[in-house]
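The next block holds one structure in the form of structure tokens; read it before the comments.
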Amino acid sequence: MDDSSSSQDKPSLLERLTALLAREPEDRDQLFAFLRAAHERELFDADAFSIIEGALQMSDMRACDIMVARARMHVLHIDDSVNAIVAFAAKSGHSRFPVIGGDKDDVMGILLAKDLLRFFAGQEFRLREMLRPAMFIPESKPLNVLLREFRLSRNHMAIVVDEYGGVAGFVTIEDVLEQIVGEIEDEYDIDKGNEDDGDIVAGYAGHFRVKATVSIGNFNEAFGTAFSNEEAETVAGLLIRHFGRLPRRGETVVINNWRFRVLRADSRRIYTLLVERALDTGFGASDA
């Protein structure tokens, strides 16, 4: 057989790629490799790839991975006055609040902020009668299962309990969806217009939206910190050094009493961070 006939028998690059993608992936890693290859060939954009990746990874995450921990929970007490409740709801801007009896292990129900409209409409305020039943879930609840239960029950918040039955924290449907589509920011999460507003934007309750490309020097100047720029030039580099890898969307790390949460990232880079002092706790429930 001559060289010409031999070269004609060899499959083209397109044929080899088609054959590769036609095979069924044998495991999760191979599936991710196929998707990444399709993304690199521009069959879909980075946002679409990030959403697919987030949806697949969600099944490996548990409620305890994304919950607002007990120590950071801000709740209402069953004996709080209506004036105190209205003031708290107005200040926080959230829509759902756990209501407790004795301590945080005694969750009696969930108050919806919209139910406070009855008070302003002249109706008598009876907090116990206004409470919605609380949904309780274990810390080990997989997020994909939790999302399905949220949809079926039409609940937007669940109280997370530990193995002893104590309250470990809470999680909202928004927290779960953010693992797929990225941070869902509103006027209470962050006071911003769009990504072009600035590298560091002040937000709600001591939070700041920071572009990951901000230099360590500019970050130090803005926040009065003293992070070294010897091993990393940007805030993204600082986080990668501390994680030892590229962090995923939603992951959090505390460095020198500052908490960094990854708001937006894909498989190649970090885009946006939420920054706050680690000792700050903010207010009640995440909006859902």
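As the structure is a computational prediction, the values presented were derived from the model and not from experiment. Each residue takes its place number in the sequence, starting with 1.
- For the residue pair Ser153 and Asn155, a side-chain donor N or O sits within less than 3.5 Å of a side-chain acceptor on the partner.
- Heavy atoms of other residues, nucleotides or ligands lying less than 6.0 angstrom from CD of Glu149 number more than 12.
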Evaluation steps, salt bridge (charged side-chain N to carboxylate O under 4.0 Å, His left out), between Arg261 and Glu178: CA-CA 12 Å; Arg261 182 180 181 186; Glu178 284 178 343; 3.5 Å; yes
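- Between Thr272 and Val210 the shortest side-chain heavy-atom distance does not fall below 4.5 Å.
- By the 4.5 Å heavy-atom criterion applied to side chains, Ser95 and Leu112 are not counted as neighbours.
- Minimum interatomic distance between Val107 and Ala134 (heavy atoms only, all atoms of both residues): CG1-CB, 4.1 Å.
- A distance of 4.0 Å separates CD1 of Ile255 from CG of Leu238, quoted to the nearest 0.5 Å.
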Check against side chain to side chain contact (heavy atoms under 4.5 Å, CB included), Val167 and Val160: CA-CA 6 Å; Val167 172; Val160 183; over 6 Å; no
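- In terms of modelled atom types and a separation under 3.5 Å, the side chain of Asp80 and the main chain of Leu76 share no donor-acceptor contact.
- Sorted by first and then second residue, the side chain to side chain donor-acceptor pair (under 3.5 Å) pairs with a member in residues 126-137 read Asp115-Arg132, Glu124-Arg126; sequence neighbours excluded.
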Ignoring hydrogens and angles, write down the donor-acceptor pairs under 3.5 Å from the side chains of residues 214-222, residues two or more places apart or on other chains.
residue, atom, partner, partner atom, Å
Ser215, OG, Asn218, N, 3.1
Ser215, OG, Asn218, ND2, 3.2
Asn220, OD1, Thr225, OG1, 2.7
Asn220, OD1, Phe227, N, 3.0
Asn220, ND2, Ile216, O, 3.4
Asn220, ND2, Phe227, O, 2.9

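- Listed by chain and number, the residues in a side chain to side chain contact (heavy atoms under 4.5 Å, CB included) with Val82 are Val86, Phe119, Phe125 (sequence neighbours excluded).
- Transitive grouping of hydrophobic side chains (ILVMFWY, heavy atoms separated by less than 4.5 Å) keeps Val176 and Val145 in distinct clusters.
- Taking CE of Met61 as the reference point, atom CD1 of Ile66 lies at 6.0 Å (rounded to 0.5 Å).
- The structure places CG of Asp199 at 5.5 Å from OG1 of Thr213, a figure rounded to the nearest 0.5 Å.
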Worked check of side chain to side chain contact (heavy atoms under 4.5 Å, CB included) between Phe170 and Met67: CA-CA 5 Å; Phe170 71 81; Met67 69 180 182; over 6 Å; no
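- Residue Arg245 qualifies as enclosed at atom CZ: its count of foreign heavy atoms under 6.0 Å is above 12.
- A pairwise comparison of heavy atoms in Pro247 and Ile270 identifies CG-CD1, 3.5 Å as the closest pair.
- Put simply, NE2 on His242 and CZ on Phe260 are 8.0 Å apart, with the number rounded to the nearest 0.5 Å.
- A donor-acceptor pair is defined here as one N or O able to donate and one able to accept, closer than 3.5 Å; such a pair exists between the side chain of Asp162 and the backbone of Gly165.
- Rounding to the nearest 0.5 Å places CZ of Phe136 at 13.5 Å from NZ of Lys141.
- Distance alone, capped at 3.5 Å, is enough to place a donor-acceptor pair between the His77 side chain and the Gly101 backbone.
- One distance of note links CZ of Arg62 with CG of Leu143; it measures 8.0 Å at 0.5 Å rounding.
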